[in-house]
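We use all heavy atoms of the structure for the numbers below, so side chains are in, but hydrogens, waters and symmetry mates are not. A, B, ... follow the sequence lines: proteins, then strands. Residue 1 opens every chain.
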Amino acid sequence: MSFELETAPNRENLRRVAIDPVSRVEGHGKVTLLLDEAGHIHEARLHIVEFRGFEAFIRGRPYWEVPVMVQRLCGICPVSHHLAAAKALDRVVGAVPVTATADKMRRLMHYGQILQSHALHFFHLSSPDLLFGFGSPVGQRNIVGVARAHPDVAKQGVLLRKFGQEVIRATAGKRIHGTAAVPGGINRHLDAADRDLLAAEVDQMVAWSQGAVALVRRLHEADPALYDQFGHFESGLLSLVRDDGAMDLYDGHLRLRDAAGTILRDDVADQEYLSLITEEVRAWSYMKFPYVTELGPQAGWYKVGPLARVQNCDFIPSPLAEAERKAFIDYTGGAIQHAPLAFHWARMIEMLHAAEVIREMLPDPDLVAGERMADGVRTGEGVGIIEAPRGTLIHHYGVGDDDLVSMCNLIVSTTHNNQAMNHAVRAVARKYLDGRELTEGLLNHIEVAIRAFDPCLSCATHALGKMPLIVELHDAGGAVVDRLSRD
Amino acid sequence: MSATFLLDGQPVSFEPGQTILEAARAAGRYIPHLCWHPDFPPHGSCKLCIVKVAGRHVSSCAMPAKEGWEVESDTPEMNGERRALLQMLFVEGNHFCPSCEKSGNCQLQALAYDLEMMTPRFNHFFPDRPVDASHPDVLLDFNRCIYCELCVRASRDKDGKGIFALTNRGIHKHLVVNAESGRLADTDFSADDMAANICPVGVILHKRVGFAVPIGQRTYDEAPIHLVAMRPEAAGDD
Ligand code: SF4
Ligand code: FES
């Protein structure tokens, strides 16, 4: 089984280019290209250097430690891991359902995380490319450049993110690495003073989020040839949806659509995810390739994240975001949008939804009072699925009678998108790089496509750190013939 | 009339036979300690209570006070010694505070904050110490043991069970459970034993408690150990 441009037939005679590691993407990934003498691309691969140490680290630990421990998987969305683990372990302690207070505190925390992560991704990591162009001078292509040219946009980005972080602090106890979600519930209430502080600012956050959606939409409408075509490929869509088909980023069942928009599987309970997905190992990549088992590896891969979610749900249960979802659907006359750059548009619609959810939830009396913990009949296993900022996140644990974790399987959103990101890289390589002399600006096109997915390579690979971009040109023998780097 | 010595220049009176640490506490003066506990005779293993008397370093928990002594405790030199001792304790075990459920209730961590220990300084040993989760109510996470023997003493002298013991010496020293299988489940240990409630760090833990109390609202989050340790009810644990 293989895909076009995945493996070149005559690899020995080709020149190798490595984009290593990918910049403005958290974590450690690299792209390799194989070129012939004329500069034609024969192979393009995104490799994510995966370190599978974390599951082994969790095995043998007491289960109540896990929601705190797994936050160390990722410096960017620790809250998502914290909540997915707590949800999985609710099953183990029999807390199904958790109390209203626990459910609402966790939801509020999660939507705070969505808001801060989407703001970070769009304003800090992607807006430089979108506002200045993919091949613009590298010194301008950063948040400082945005602050100079578009001070309002940069300021709103910073403050939206800060607001999201404040929601997290107020619910999780700390801005990063809180301990609030525990198996069976939550260990604190929302402080009324925190609630009032957030409530005073939330209208502004909703308004700015609306502005952000409008900005991305304008970009699409101004250059449809680029936005609709760049890195284009088609795939299925996977996400959680609520039982009534609404968007729900905290809980629900799994739904799969095919590339044309037909629902293929619906109502797959989170505990049954293994009935839907198989993870394939390929020799050239450390990261696995999940696919829908009944469709097989060639046809069964899919994408997750904002672009999947906005089109997989039947509606968004908040009015402003729902209006934007409809505009998004109308843009193509109802056809599914697959263009990677449409991720940004969908992401901003979700950010608006998150701001609306936070606004709606804040006055809820269950947040500041009420029973925090539940329990029930103990079981030996649990699955927790959450729609993390980057897409579907699955935590699955087995717990022995001695309370120690005996089994652990984690599938992070970047792993779900592994095949999809490889397709985007190949589409861009084919269209923009093939037969041309490679420059930093052209190589950035590859990264723009990867960044649209907002991959969090650090948690996909369970390694930490953000590295500068280094591009090396290798000749057919593997020797480095040229080298470009930037910070 | 009782005798006096000087602690950091301030007079402290004492009864005959009282140790420096006991007399200081009775006078409301704190000297750091880890292995000392008011219910037990001095143990003298951790050396955190180190003070300087007549140019010599002595363990204040074990040294009887003497009339006229000039004792230095809260000085840069003594606190520097204590920091180094803490750093050694941290690297000898596996102390990973960010995901430790004892965080905020741990005396080792609290002392490290109080004495401004900023780095581990030495290389970590990363010893391999499997947990014992066999008991239904209590988990033993040996990764964090500092060998103060408070559990050994409590189980033997107060609970009358003798469940714990230290074996070997030097870097091979470790805590064991007195059962043929070596498992806590094969003893008559109970979560109500004093030994189950005395560990100053996160080794002997009541199961399924975890993070029920939020980090930030725990004993040493609310007040530093030099105040908590002086409270009348302060025994050893949180
Ligand atoms: S288990 Fe705790 S009380 Fe016992 S020796 Fe180790 S640190 Fe001290
Ligand atoms: S307290 Fe004195 S040696 Fe430990």
* Give, as side chain, backbone, both or neither, the part of Asn143(B) having an atom under 4.5 angstrom from any heavy atom of chain A. => side chain
* To do: Could you tell me whether the side chains of Thr101(A) and Glu371(A) share a donor-acceptor contact shorter than 3.5 Å?
  => no
* Asked: Any chance the side chains of Asp8(B) and Ser73(B) put a donor and an acceptor closer than 3.5 Å?
  -> no
* Have His396(A) and Glu381(A) got a donor and an acceptor in their side chains that come within less than 3.5 Å? -> yes
* **Distance-only polar pair, side chains of Glu149(B) and Ser45(B), donor-acceptor under 3.5 Å** => no
* Checking Leu139(B) against chain A: side chain, backbone, both or neither under 4.5 Å from a heavy atom? -> side chain
* Could you have a look at Arg208(B), His135(B), Glu101(B) and say which one has the most heavy-atom pairs with chain A under 4.5 angstrom? => Arg208(B)
